[in-house]
Amino acid sequence: MTANTTSLLRVMNERAVFGEIFRMGRVSRPELAQATGLSKPTISVALADLERAKLVRAVGLRTGNAGRAALLYEIRPQAGWVLAIDVGRNYVRLALADLIGDIVARRDEQSRAETPHALLEQLTEIAAALLADAGLAAEDITLSVFGTPGIHDKETGALLLAPNLPGWELPGVVDRLAEVVAAPYVLENDVDLAAVGEGAYGLGQGVSHFVFVSIGTGIGMGVVIDGKLYRGSRGAAGEISYLPVGEGDPRVNPGRGMFESVASADGVVALARRLGLDSATAKDVFDAARAGDPLAARVLDAEIDHIAHALAGVTAVLDPELVVLGGGIGAQAGDLLAGRVAERLEALVALRPPRIEVSSIGQDAVLLGALAVGLAAARDYVFESTVTPG
């Protein structure tokens, strides 16, 4: 019993040290002792064990201070690998990163989203190319993280509420993601990942309560409460595309939702054409608005009104400090939207509305969120698979 207790305590100390090195980056023994509350001899034992397990490494000395130069330690980058995959209707983005988060290979391509088979084949091809670029094998991947629209129904293996990915609502399709890389994987909603990415690398850093609103080919929202992602009871928190915002009967297009039908890229183009503006894409409409086109200005006014009314409901329920606009429209037309939506929102809510800003990480939000989720999970995985009580 004593031996087992001693071994368990040793592993707990190693986990604490490993976690602090992960958090702090390059760090000395005295700094680790201060951060963990462990004694310097205990820190030395833990570091020796972690070095033997090839989880950390010594990386030189910190000079410039009085006394002896301190030996610095960091996470060994090659101790684990994370594959982040952003699956969109128009583009797929994949990145391969080591355990400290440095991206070693990345590719973005137009999506073959017409069928699940074509998309899975494309993802598999790109993943293989990234591994070849990095000189790795599939078994080297610690974890893959997929970001997709919709909600994963774990009972049926289908992807629900994802009309922009036709065929993925069929039972068992999601389970085929295991074919992309022969490694453990997790599936997350893409907008939830974008919120995580914004919190880890963007405007959400240090903000405890914020929402990430993605407006593009679809519409969704990631919710961060008390610094943590909020998913809801069935993972459907933030499905604001179904808010009753806009004109007409919400039952006309139930697969997309009323708000998404009027405020997504297709909704913007549809309104522009009804007004007589010959625009092929939402970007064309907003470019015309910037150029002073009066018809495009009417479309922009409608978009601002739709978004403001949706955010009025979000503000009343969640009271966020910050709203981050992202997605194709949110990022590309953010300069036209953020200020005017804030003004319109102020007239719609009783209390002071949240700040509204355009994402600082743009189209990379989902990918960076997938990396953040993957790195946190991979850190635990490599520790647990390498360090066990004796």
Side-chain angles (χ1 to χ4, degrees), residues 80-98 103-194 197 214 216-218 220 235 255-256 264-266 281 327-328 363-371 373-375 377-378:
W81 301 92
V82 172
L83 180 64
I85 304 172
D86 173 11
V87 182
R89 175 66 182 89
N90 294 325
Y91 285 90
V92 292
R93 299 178 172 89
L94 285 80
L96 179 62
D98 60 29
I103 294 175
V104 298
R106 173 175 173 170
R107 294 199 182 187
D108 298 15
E109 290 187 6
Q110 286 193 312
S111 176
R112 305 177 202 159
E114 292 78 11
T115 67
H117 177 76
L119 185 53
L120 286 165
E121 186 177 63
Q122 181 183 22
L123 295 177
T124 302
E125 291 172 357
I126 299 175
L130 292 183
L131 289 170
D133 290 345
L136 299 175
E139 54 267 24
D140 293 323
I141 301 300
T142 308
L143 183 69
S144 297
V145 180
F146 292 83
T148 72
I151 300 168
H152 179 202
D153 186 340
K154 296 181 181 179
E155 292 185 3
T156 65
L159 197 61
L160 308 179
L161 306 182
N164 291 318
L165 292 181
W168 285 78
E169 73 282 1
L170 299 175
V173 173
V174 171
D175 299 333
R176 294 186 58 195
L177 291 173
E179 302 171 10
V180 174
V181 177
Y185 75 92
V186 296
L187 176 66
E188 295 277 3
N189 174 267
D190 55 355
V191 184
D192 282 348
L193 286 181
S214 177
T217 55
R256 299 208 61 176
S264 67
D266 288 346
T281 67
Q363 298 299 319
D364 286 342
V366 177
L367 200 65
L368 291 175
L371 282 178
V373 168
L375 289 169

Asker: Only counting residues at least two apart or in another chain, list the ones meeting salt bridge (charged side-chain N to carboxylate O under 4.0 Å, His left out) with Asp153.
Answerer: none

Asker: When rounded to the nearest 0.5 angstrom, what distance separates CH2 in Trp81 from OG1 in Thr142?
Answerer: 9.0 Å

Asker: Say whether, by atom type as modelled, one donor and one acceptor occur between the side chain of Arg89 and the main chain of Asn164 under 3.5 angstrom.
Answerer: yes

Asker: State whether the side chain of Ser264 and the backbone N or O of Gly218 hold a donor-acceptor pair below 3.5 Å, judged by distance alone.
Answerer: no

Asker: Just list the side-chain donor-acceptor pairs under 3.5 Å for residues 180-190, sequence neighbours left out, or say none.
Answerer:
from   : atom 1 : to     : atom 2 : distance (Å)
Glu188 : OE1    : Arg231 : NE     : 3.4
Glu188 : OE1    : Arg231 : NH2    : 3.3
Glu188 : OE2    : Arg231 : NH2    : 2.8
Asn189 : OD1    : Val191 : N      : 2.9
Asn189 : OD1    : Asp192 : N      : 3.0
Asn189 : ND2    : Gly150 : O      : 2.9

Asker: Between Gln110 and Asn90, is any pair of side-chain heavy atoms under 4.5 Å apart?
Answerer: no

Asker: Give me each pair satisfying ring pair (Phe, Tyr, Trp, His ring centres under 6.0 Å) with a member in residues 105-134, each pair once, sequence neighbours excluded.
Answerer: none

Asker: Go through the structure and list residues passing side-chain hydrogen bond (donor to acceptor under 3.5 Å, both in side chains) with Thr281, not counting sequence neighbours.
Answerer: Asp284

Asker: Any idea which heavy atoms bring Ala113 and Gly88 closest together, and the distance?
Answerer: CB-O, 4.4 Å

Asker: Is the closest basic N to carboxylate O distance between Lys154 and Asp175 below 4.0 Å?
Answerer: no

Asker: Output the distance between atom CG (Leu136) and atom CG (Leu96), rounded to the nearest 0.5 Å.
Answerer: 6.0 Å

Asker: Applying side-chain hydrogen bond (donor to acceptor under 3.5 Å, both in side chains), name anything that partners Asp266, two or more places apart in sequence or on another chain.
Answerer: Arg256

Asker: List in chain and number order the residues that pass side-chain contact (heavy atoms from CB on, under 4.5 Å) with Glu109, two or more places apart in sequence or in another chain; answer none if no residue qualifies.
Answerer: Val92, Gln122, Ile126

